Number of protein chains: 2
Amino acid sequence: MPDPNRIWTAALIVIGDEILSGRTQDRNVAQIATWLNVQGIRLAEVRVVADDQPAIVEAVNILRARNDYLFTTGGIGPTHDDITVDAIAAALGVEVIVHPKARAVLESYYETRGGLTDARLRMARVPDGASLIENRMSGAPGIRHGNIFIMAGVPSITAGMLEALTGTLEGGSPLLATTIGCWVAESEVADLLGKTERAHEGCQIGSYPFFREGRTGANFVVRSTDQARLDACVSALTYALEQGGWPVHPGGI
Amino acid sequence: MPDPNRIWTAALIVIGDEILSGRTQDRNVAQIATWLNVQGIRLAEVRVVADDQPAIVEAVNILRARNDYLFTTGGIGPTHDDITVDAIAAALGVEVIVHPKARAVLESYYETRGGLTDARLRMARVPDGASLIENRMSGAPGIRHGNIFIMAGVPSITAGMLEALTGTLEGGSPLLATTIGCWVAESEVADLLGKTERAHEGCQIGSYPFFREGRTGANFVVRSTDQARLDACVSALTYALEQGGWPVHPGGI
């Protein structure tokens with residue numbers, strides 16, 4: 001019988017000099033994390049690495065071994081700085097081959113767009129043994145090899161690939177979360193938060209302070225895979241905060 | 001004599017369940033990367049880890065050994081989920097102490113804000129041997145211990161801490177970058193990009209495709225620490241693109 005308390009985890013490797021140089025604001029961490037939560041899989045760790053084969057190989061081999069799933073984003077385009085497929089094949093110790101179905105997809109996509117050049121054919125290359133992930137936005141597909149999912153760097157393309165994967169990965173109970181907010185300095189309620197968390201097994205309380213319109217506030221996010229425990233913890237926290245004189249804003253501020 | 005070609009590197013550890021859950025969009029990677037470029041230091045790798053001591057200890061010890069500098073963001077507030085200081089002290093094998101100057105800063109900051117409670121005093125705790133980084137936004141200071149810089153999770157507070165550090169870290173030549181853009185599918189110019197990069201030593205060309213208003217385009221970012229080489233590479237790339245029939249937009253699209 002499957003263990004209902006088993007936690008399924010994923011790691012993500014964001015590949016790209018453009019993130020490390022500060023040129024591009026990453027959007028894939030939040031997008032993939034949110035999608036994984038719904039699949040009942042927890043994003044356990046993320047690494048951002050350069051367009052550098054040894055760096056990618058090291059991260060792939062460590063993270064795929066200690067997580068149920070490994071996602072990568074970036075570096076699967078047609079240009080010289082797109083080295084993800086070669087690096088992952090090297091990490092797995094397999095050859096890079098041209099996937100016949102990917103070639104057919106690209107031939108069809110580029111039929112009215114100037115034809116399939118050598119550069120474009122690069123996007124049909126996969127580590128030997130891989131299958132494809134449908135790309136609903138543009139031509140080049142994503143790639144699955146065992147527990148590794150190789151996705152695009154452009155967030156809207158990755159969104160389409162995630163949609164194609166929805167419901168196909170085994171996971172556990174989705175992580176549920178409820179947010180409440182107060183106009184309070186988190187340091188005033190630190191003890192109350194810690195005590196409430198300790199009293200509610202299977203729940204975590206995160207505290208996220210902010211400064212807005214010259215005032216100090218904090219949102220408190222309660223997370224659990226169990227709806228009844230989550231609700232009990234949120235009720236207890238709400239009661240404690242209001243008893244302390246801080247009106248609670250359901251849903252956060 | 002210092003080596004003018006020496007590359008100084010930094011790593012960043014983003015600490016926080018709120019990033020891994022997808023609740024919060026990280027802003028510190030891009031902010032710190034951009035700031036490091038100006039200091040002549042390259043952001044070489046980033047890890048996002050949970051509020052979990054073994055995960056933080058592992059990342060700290062690997063990344064501080066192989067980079068000139070290590071930055072962390074997040075987990076230095078007053079609540080039970082703020083465990084960064086304890087985890088870094090454990091990684092370094094030193095005690096956690098209350099820093100007298102941090103205590104004085106907090107006493108003064110909270111004098112008109114309800115006084116220094118036990119929870120607030122948590123923010124004066126540092127790994128033994130640390131010095132402080134000025135916090136120009138709120139009370140609790142950042143922490144420096146050797147080549148480790150412990151910063152806030154809230155981006156505006158980290159911005160003030162970076163400002164306080166500006167010009168104090170040894171680095172090499174700042175990484176310079178010039179962006180040009182074309183309405184072209186990057187797959188059409190992949191060979192041209194690779195050839196131009198190979199012909200210009202000390203320059204890297206990054207290609208960043210996008211889809212906008214129903215059209216395909218790409219920005220090309222040329223990076224180098226040498227202004228003359230950078231200019232020569234940008235000129236050659238501009239010439240090659242325009243000869244190919246793709247008008248170049250200086251500064252990117």
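Keep in mind the model is a prediction, meaning the values are calculated, not measured. To find a chain, count down the sequence lines: A is the first, B the second, and so on, and within it residues start at 1. Atom set for the values below is all heavy atoms of this structure, side chains included, hydrogens, waters and symmetry mates excluded.
Contact annotation for B:Ile32: neither backbone nor side-chain heavy atoms come within less than 4.5 Å of a heavy atom of chain A. Only the side chain of A:Ile157 comes within less than 4.5 Å of a heavy atom in chain B; its backbone stays farther off. Proximity to chain A is limited to the side chain of B:Ala185, based on heavy atoms less than 4.5 angstrom apart. Interface remark: B:Phe210 contributes no atoms to any contact with chain A (heavy atom separation under 4.5 Å). Looking at B:Ile205, the atoms closer than 4.5 Å to chain A (heavy atoms on both sides) sit in the backbone and in the side chain alike.
Contact tally against chain A (heavy-atom pairs below 4.5 Å) for B:Val189, B:Ile13, B:Leu193, B:Leu175: the top residue is B:Leu193.
The shortest non-hydrogen separation linking B:Val46 to A:Leu20 is CG2-CD2, 3.7 Å. The minimum heavy-atom distance linking A:Ala190 with B:Pro78 is given by the pair CB-O, 3.4 Å.
With sequence neighbours excluded, the residues forming a side-chain contact (heavy atoms from CB on, under 4.5 Å) with A:Ala102 are A:His99, A:Ala124, A:Leu132, A:Pro141, listed by chain and number.
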Scan chain A against chain B and return every donor-acceptor pair whose distance is under 3.5 Å.
residue  : atom : partner  : partner atom : Å
A:Ser21  : O    : B:Asn37  : ND2          : 2.9
A:Ser21  : OG   : B:Arg223 : NH2          : 3.2
A:Gln25  : NE2  : B:Asp26  : O            : 2.8
A:Asp26  : O    : B:Gln25  : NE2          : 2.8
A:Asn37  : ND2  : B:Ser21  : O            : 2.9
A:Val46  : N    : B:Val48  : O            : 3.1
A:Val46  : O    : B:Val48  : N            : 2.8
A:Val48  : N    : B:Val46  : O            : 2.8
A:Val48  : O    : B:Val46  : N            : 3.1
A:Glu58  : OE1  : B:Arg66  : NH1          : 3.0
A:Glu58  : OE2  : B:Arg66  : NH1          : 3.4
A:Glu58  : OE2  : B:Arg66  : NH2          : 3.1
A:Arg66  : NH1  : B:Glu58  : OE1          : 3.0
A:Arg66  : NH1  : B:Glu58  : OE2          : 3.4
A:Arg66  : NH2  : B:Glu58  : OE2          : 3.1
A:His80  : NE2  : B:Glu197 : OE1          : 3.1
A:His80  : NE2  : B:Ile205 : O            : 2.9
A:Asp81  : OD2  : B:Ser207 : N            : 3.2
A:Arg120 : NE   : B:Ser187 : OG           : 2.6
A:Arg120 : NH2  : B:Ser187 : OG           : 3.4
A:Ser187 : OG   : B:Arg120 : NE           : 2.6
A:Ser187 : OG   : B:Arg120 : NH2          : 3.4
A:Glu197 : OE1  : B:His80  : NE2          : 3.1
A:Ile205 : O    : B:His80  : NE2          : 2.9
A:Ser207 : N    : B:Asp81  : OD2          : 3.2
A:Arg223 : NH2  : B:Ser21  : OG           : 3.3

